[in-house]
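Reading through the structure tokens given below for one structure.
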Amino acid sequence: MDQLTKREEEVMNKFWEKGEATVKEIIATYPEPRPSRTAISTFVKFLVEKGFLGHKPAGNNGFIYYPLIEREEYCGHNLKSVVQRYFNNSIRGVISTLIRDKKLSDDEIRDLINQVVEGNRKENDD
């Protein structure tokens, strides 16, 4: 799966929020000053080429675009990539960093431990 640029991801998030939409409808979701039609059309073109968006005719209005990849799928792929690149494929390394940098509260750590224990129980029951 291709990595999206920051701006591509911004536009893609608009489609994940709206579902199907025209370029004009996506532009309308931005606050003033809105990006130009050319700019958004260019990012949409890249998203189609990268396989993130599909499209169908919308009469005289051009095309209606729709996500081909779910947000969760993209986020999961990105997370796996970060874990592989920066933590030598170690979830433990990720969690250790979060704990060391105090990014997780004690309650979040306990909740995470409970999730691991529950996941292990389910695996052993199957």
Task: Steps toward side-chain contact (heavy atoms from CB on, under 4.5 Å) verdict (Leu47, Lys50) - done: CA-CA 5 Å; Leu47 291 167; Lys50 289 183 175 185; 5.5 Å; no
TODO: Would you give the length of the straight line joining atom CG of Leu4 to atom CG of Asn78, rounded to the nearest 0.5 angstrom?
DONE: 7.5 Å
- [ ] Measure the NZ-CZ distance between Lys56 and Phe63 for me, rounded to the nearest 0.5 Å.
- [x] 12.5 Å
- [ ] Measure the spacing between CD of Gln84 and OG of Ser90 and express it to the nearest 0.5 Å.
- [x] 12.0 Å
Task: Hydrophobic cluster membership, Ile64 vs Leu53, 4.5 Å side-chain cutoff - done: no
Open item on the list: Please find the pair of heavy atoms, one from Ala28 and one from Arg34, that lie closest to each other, and give the distance.
Closed with: O-NH2, 3.4 Å
TODO: First locate atom CD1 of Ile40, then atom CD1 of Ile26, and finally report the distance between them rounded to the nearest 0.5 Å.
DONE: 8.0 Å
Open item on the list: Between Lys6 and Glu8 (salt bridge meaning N to carboxylate O under 4.0 Å), is one present in this structure?
Closed with: no
Open item on the list: According to side-chain hydrogen bond (donor to acceptor under 3.5 Å, both in side chains), does anything in residues 106-115 pair up with another residue at least two apart or in another chain? List the pairs.
Closed with: Ser105-Glu108, Asp107-Arg110, Asp111-Gln115
Task: ILVMFWY cluster, Ile69 and Tyr65 together (side-chain gap under 4.5 Å) - done: yes
TODO: Please say whether the positively charged group of Lys14, taken as NZ for Lys or CZ for Arg, lies over the ring of Tyr30, i.e. under 6.0 angstrom from the six-membered ring centre and within 45 degrees of the axis.
DONE: yes
Task: Contacts of type ring-ring contact (aromatic ring centres under 6.0 Å, His included), residue Tyr74, not counting sequence neighbours - done: Trp16, Phe52
Task: Distance (rounded to the nearest 0.5 Å) between Thr42 OG1 and Arg37 CZ - done: 11.0 Å
Task: Polar side-chain atom of Lys18 near backbone of Asn13 as donor-acceptor pair, under 3.5 Å - done: no
Open item on the list: If I take atom NZ from residue Lys103 and atom CG from residue Leu98, how far apart are they, to the nearest 0.5 angstrom?
Closed with: 8.5 Å
TODO: Output yes when a side-chain donor or acceptor of Ser81 lies under 3.5 Å from a complementary backbone atom of His77, and no otherwise.
DONE: no
Task: Shortest non-hydrogen contact between Met12 and Pro67, atoms and distance - done: CE-CB, 3.8 Å
Open item on the list: With a 6.0 Å cut-off (strictly less than), is the heavy-atom count around CD of Glu70, excluding the residue itself, greater than 12?
Closed with: no
TODO: Taking atom CZ of Arg92 as the centre, report whether more than 12 heavy atoms of other residues, nucleotides or ligands fall under 6.0 Å from it.
DONE: no
